[in-house]
Amino acid sequence: MGSQGRSGPPGNGGPGEGEGGEARKLQEGRVARGKRRKGKGKGKAGAGQGGRGSGAEGKPGPRKAKEAAQPAAEAGVRAGPAEGVERGGSVEEGARSLVQGDEGRAGARDKAQVRDDGKEAWRVRTGRREDTRPGRAQRRGSQAWGGLAGTGAAMAAAAEEEAAARPPAARPTAGSALWRLPEELLLLICSYLDMRALGRLAQVCRWLRRFTSCDLLWRRIARASLNSGFTRLGTDLMTSVPVKERVKVSQNWRLGRCREGVLLKWRCSQMPWMQLEDDSLYVSQANFILAYQFRPDGASLNRRPLGVFAGHDEDVCHFVLANSHIISAGGDGKIGIHKTHSTFTVKYSAHEQEVNCVDCKGGIIVSGSRDRTAKVWPLASGRLGQCLHTIQTEDRVWSIAISPLLSGQLMTHLGSDFPPGAGVLDVMYESPSTLLSCGYDTYVRYWDLRTSARKCVMEWEEPHDSTLYCLQTDGNHLLATGSSYYGVVRLWDRRQRACLHAFPLTSTPLSSPVYCLRFTTTHLYAALSYNLHVLDFRNP
């Protein structure tokens with residue numbers, strides 16, 4: 001007599017089972033197929049839910065199936081999607097897990113905790129903070145990420161903030177043992193490298209890029225470079241600018257790479273003179289002195305002047321800046337005293353003819369004139385215009401400079417073999433015992449009073465036999481001169497005889513001398529008859 005099918009035990013979500021041998025065989029076959037499906041990860045049931053058998057296999061009663069499905073769904077929610085895939089498969093597997101009861105659910109929670117720990121470790125490494133419960137993270141999805149990063153612009157801003165808050169590059173722990181040496185020893189080793197080797201070393205990693213940017217490593221190279229802000233004695237004149245950046249710009253001076261521009265233009269021919277002070281430029285135009293402020297790039301000026309200083313009846317021939325004062329010499333034979341930050345102006349008659357030159361140091365003013373005299377004046381406000389001393393000379397006085405020693409006496413005559421008319425048009429002291437001069441005989445001469453006053457230490461000749469109107473030096477290796485024809489500015493390396501580079505600033509119809517030139521570590525300014533030129537070596 002055939003047996004009747006009956007429902008499985010409570011909690012099983014599987015089909016009904018028969019008592020006959022054929023039913024048992026079918027049941028064993030279904031169990032085997034369920035295991036194979038589990039191994040392949042292709043279970044029919046949903047994540048964390050008890051599956052349903054096909055119609056041929058039989059169906060559980062409605063009430064029994066509902067009671068079986070509810071605990072299975074709760075276990076699936078607690079275990080999460082990842083575990084549901086592993087547990088899903090056949091109906092028999094779902095029934096077997098339910099039979100295990102609390103012990104099975106506890107094992108599932110342990111597995112989920114292990115997976116959660118792994119995910120939390122991954123989140124810590126990537127810098128993200130999320131809920132460690134996978135089910136909740138799955139449900140919230142994009143909302144959680146959207147709350148953290150927001151739109152694309154917010155994501156970019158968050159990335160920038162993270163990069164700004166990132167600590168400096170750490171020293172590399174792997175690689176050559178050389179990088180694990182103390183920094184003091186590394187500095188000593190790298191101090192023997194040249195500029196090219198240091199540049200290549202900076203490309204290895206971020207830590208070495210920071211390390212090789214140290215001013216100590218570049219100081220020796222900068223002192224041997226042109227116009228890097230170091231004097232011959234090693235004094236740094238530009239401590240606010242990194243030495244490495246100054247060495248980069250100095251290569252443009254050495255190679256003659258620059259960009260030319262015009263700062264100011266004049267309607268009629270002038271004989272301008274100029275001075276630099278911080279971020280301001282003072283330049284004379286006719287009988288006025290105008291002060292302009294540089295823009296941040298250093299290659300342009302604010303068109304509106306900061307101040308205008310007047311007082312002479314004829315053109316201003318020369319002026320200097322000293323102790324917040326402008327001391328000017330005019331063609332009317334007068335000396336003018338102006339305060340740079342006020343309207344205070346005093347002028348007094350100084351010579352019988354035009355005053356060609358003037359200088360001021362230590363509260364003392366010295367002027368030179370075409371009347372063949374040089375005179376000494378006090379700068380004190382109560383004694384302005386009182387001549388302290390008059391020096392009679394044999395010829396017109398074209399240029400004058402006060403020694404840093406402020407000795408106040410005639411020490412010696414420079415040179416003895418000059419031809420007639422070889423006047424000195426510009427002279428400047430580098431130290432109390434060394435000075436430079438240039439003039440009509442087309443030579444630049446370097447004098448050292450400690451060796452001989454009759455013969456110069458070194459001289460440089462203008463290649464085109466042009467009169468040299470002005471000169472300027474960086475106090476170390478660079479020398480710049482202005483010629484009388486075609487506005488030619490020449491750069492010299494004082495360690496060489498030949499000229500490094502020449503920059504003609506005017507053409508044949510507008511040929512003009514370079515009356516005055518000044519330069520910084522990045523720009524050179526040259527004053528000509530009709531305009532003021534700039535050579536930008538920082539952005540060639």
Side-chain angles (χ1 to χ4, degrees), residues 222-232 246-261 274 399 414-415 417-419 422-430 434-448 455-508 510-529 532-538 540:
R223 291 186 62 179
S225 302
L226 293 178
N227 197 22
S228 59
F230 285 87
T231 64
R232 189 179 298 274
R246 286 184 269 165
V247 171
K248 288 181 180 179
V249 179
S250 72
Q251 300 309 303
N252 295 332
W253 288 87
R254 182 177 63 85
L255 300 174
R257 296 185 301 202
C258 64
R259 182 175 57 187
E260 181 185 343
M274 64 178 175
S399 60
L414 296 178
D417 301 327
F418 297 141
V424 176
L425 298 182
D426 199 5
V427 62
M428 63 177 298
Y429 274 91
E430 277 194 318
T434 59
L435 66 157
L436 290 158
S437 64
C438 68
Y440 280 113
D441 63 349
T442 74
Y443 278 92
V444 178
R445 290 182 172 88
Y446 178 62
W447 307 85
D448 192 339
K455 187 172 180 60
C456 64
V457 176
M458 192 171 183
E459 60 185 15
W460 299 269
E461 183 180 7
E462 217 285 333
H464 294 164
D465 292 332
S466 298
T467 299
L468 298 177
Y469 274 68
C470 55
L471 62 86
Q472 184 72 19
T473 179
D474 66 343
N476 195 5
H477 300 302
L478 181 65
L479 181 67
T481 59
S483 302
S484 59
Y485 296 122
Y486 308 115
V488 175
V489 173
R490 295 189 184 275
L491 300 182
W492 309 76
D493 188 341
R494 294 169 58 173
R495 296 165 291 188
Q496 305 173 10
R497 289 281 185 177
C499 170
L500 275 182
H501 303 286
F503 304 96
L505 302 181
T506 61
S507 56
T508 303
L510 297 175
S511 178
S512 165
V514 179
Y515 290 108
C516 183
L517 62 84
R518 295 289 183 267
F519 60 76
T520 63
T521 56
T522 55
H523 299 84
L524 184 145
Y525 308 96
L528 282 70
S529 298
L532 177 64
H533 287 257
V534 58
L535 300 179
D536 187 354
F537 289 87
R538 183 173 58 184

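Since this is a predicted model, take the numbers as computed values, not measurements.
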Apply salt bridge (charged side-chain N to carboxylate O under 4.0 Å, His left out) to [X] and list each qualifying residue two or more places apart in sequence or on a separate chain.
X      : result
Asp448 : Arg450
Asp426 : none
Arg246 : Asp236

Both conditions, 6.0 Å and 45 degrees, for the charged tip of Arg257 above the ring of Phe537: are they met here?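 Because its charged atom misses either the 6.0 Å distance or the 45° angle limit, Arg257 does not stack over Phe537.
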
Any side-chain to backbone donor/acceptor pair from Asp474 onto Leu478? Under 3.5 Å, distance only.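 Yes, because the side chain of Asp474 sits within donor-acceptor range (under 3.5 Å) of the backbone of Leu478.
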
Distance-only polar pair, side chains of Asp536 and His523, donor-acceptor under 3.5 Å: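 Short answer, yes.
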
Side-chain donor-acceptor pair under 3.5 Å between Thr521 and Arg538, yes or no?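 Side-chain D/A pair, Thr521 to Arg538: absent.
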
Could you give the distance from CG (Leu425) to OG (Ser399), rounded to the nearest 0.5 Å?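 Those atoms lie 7.0 Å apart.
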
Could you tell me the separation between the CG atom of Asp493 and the CG atom of Asn227, rounded to the nearest 0.5 Å?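 Separation between the atoms: 11.5 Å.
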
By ring-ring contact (aromatic ring centres under 6.0 Å, His included), which residues pair with Tyr469, not counting sequence neighbours?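 ring-ring contact (aromatic ring centres under 6.0 Å, His included) list for Tyr469, sorted by chain: Tyr515.
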
Please list every donor-acceptor pair under 3.5 Å in which a side-chain atom of residues 496-505 meets a protein atom from a residue at least two apart or in another chain.
from: Arg497; atom 1: NH1; to: Glu459; atom 2: O; distance (Å): 2.7
from: His501; atom 1: NE2; to: Arg254; atom 2: O; distance (Å): 2.7
from: His501; atom 1: NE2; to: Gly256; atom 2: N; distance (Å): 3.2

Which pairs count as salt bridge (Lys or Arg N to Asp or Glu O under 4.0 Å) when at least one residue sits in residues 460-469, sequence neighbours excluded?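 Only Glu462-Arg490 qualify under salt bridge (Lys or Arg N to Asp or Glu O under 4.0 Å).
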
